[in-house]
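A quick write-up on the structure given underneath.
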Amino acid sequence: YAPWCPACQQIELTWESFAKESEHLAITVGKVDVTQEPGLSGRFFVTTLPTIYHANDGVFRRYRGSRTLEDLQGYVLERKWEAVEPVAGWKSPSSIMMHGMAGLFYLSGWIRQIHSYLTGTLEIHVWISYTIFILATLLIGLFLGL
């Protein structure tokens, strides 16, 4: 979820109720703020918000059903998750590919922080910051090409 997301705000009370019932369902329910954990959103390849996953014994399934409390509970109690195709091995959050994707998300956050530092703290014009990134990209490419 993200704090600014209207759909996430809409499901928030339902999700909190679901989390309160989690002990009776013998499951653990959590939520992750993608603005605070960009690497995790990359690892799970989150492209829409909110995104709900069911994980059991290292097997991940994306929940795409209704977002009512009854349907969320039924998904677990009636074991409806067993009929859902698991996330493909190469797209699994524990795969090497998704570890790399998480690294790219961390890198983009790092680049954003550098840009904010250059334009905010050092008060460098935005286009100069872009020029610095362009030159750095070209130099890294030339170095790797050698």
Side-chain angles (χ1 to χ4, degrees), residues 1-137 140-141 144:
Y1 85 100
W4 49 262
C5 168
C8 298
Q9 293 167 358
Q10 188 177 20
I11 193 177
E12 189 169 9
L13 292 176
T14 302
W15 193 255
E16 287 176 9
S17 298
F18 185 53
K20 288 177 186 172
E21 295 294 320
S22 65
E23 192 173 311
H24 302 296
L25 299 171
I27 60 170
T28 302
V29 174
K31 70 179 185 180
V32 177
D33 181 348
V34 296
T35 63
Q36 299 298 313
E37 297 291 338
L40 200 55
S41 67
R43 184 170 290 184
F44 280 85
F45 203 65
V46 174
T47 56
T48 58
L49 294 174
T51 300
I52 300 172
Y53 276 95
H54 174 269
N56 188 21
D57 295 328
V59 177
F60 298 90
R61 292 173 173 85
R62 186 161 175 192
Y63 177 78
R64 296 182 192 268
S66 170
R67 296 182 177 172
T68 65
L69 180 59
E70 295 77 24
D71 287 335
L72 291 167
Q73 290 173 333
Y75 186 77
V76 175
L77 288 172
E78 298 167 22
R79 300 179 70 92
K80 292 180 182 177
W81 52 270
E82 290 177 334
V84 176
E85 183 79 25
V87 174
W90 67 273
K91 284 177 73 176
S92 173
S94 57
S95 73
I96 293 172
M97 178 87 131
M98 290 297 116
H99 282 285
M101 185 67 79
L104 289 175
F105 275 67
Y106 280 120
L107 178 63
S108 77
W110 184 67
I111 290 171
R112 201 173 319 123
Q113 287 177 341
I114 292 172
H115 176 71
S116 295
Y117 175 75
L118 291 173
T119 58
T121 306
L122 298 181
E123 296 181 0
I124 292 175
H125 193 274
V126 172
W127 287 106
I128 295 173
S129 174
Y130 290 158
T131 303
I132 290 170
F133 283 109
I134 290 168
L135 290 173
T137 301
I140 291 169
L144 291 174

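Values below: every heavy atom of this structure, side chains too, minus hydrogens, waters and symmetry copies. All residue numbers refer to positions in the sequence shown, counting from 1. This structure is a prediction, so every number in the text was calculated from the model and none was measured.
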Identify all side-chain donor-acceptor contacts of residues 112-120 below 3.5 Å with residues at least two apart in sequence or on another chain.
residue : atom : partner : partner atom : Å
H115    : ND1  : S129    : OG           : 2.7
S116    : OG   : R112    : O            : 3.1
T119    : OG1  : H115    : O            : 2.8

Please assess I11 against Y1 for the test side chain to side chain contact (heavy atoms under 4.5 Å, CB included), listing each intermediate value before the final yes or no.
CA-CA 10 Å; I11 193 177; Y1 85 100; over 6 Å; no

Nearest heavy-atom pair of [X] and [Y]: which atoms, and what distance?
X   : Y   : answer
D33 : A2  : OD1-CA, 4.1 Å
T14 : L69 : CG2-N, 3.5 Å
F60 : Y53 : CB-CD2, 4.4 Å

In Å, rounded to the nearest 0.5 Å, how long is the span from CZ of F133 to CD1 of I140?
10.0 Å

Measuring from atom CG of L72 to atom CH2 of W15, what distance do you get when rounded to the nearest 0.5 angstrom?
6.0 Å

Flag yes if more than 12 heavy atoms outside Q10 fall under 6.0 Å of its CD atom; otherwise flag no.
no

Qualifying residues under salt bridge (charged side-chain N to carboxylate O under 4.0 Å, His left out), relative to E85, sequence neighbours excluded
none

Can you name the residues that form a salt bridge (charged side-chain N to carboxylate O under 4.0 Å, His left out) with R79, not counting sequence neighbours?
E82

E70: side chain to side chain donor-acceptor pair (under 3.5 Å) partners, not counting sequence neighbours:
none

Tell me which donor-acceptor pairs under 3.5 Å the side chains of residues 20-32 have, and how far apart each pair is, sequence neighbours excluded?
residue : atom : partner : partner atom : Å
S22     : OG   : A19     : O            : 2.6

Any pair counted as side chain to side chain donor-acceptor pair (under 3.5 Å), so long as it reaches residues 55-67, sequence neighbours left out
T48-R62, S66-D71

Are side-chain heavy atoms of F18 and I52 found at a separation under 4.5 Å?
no

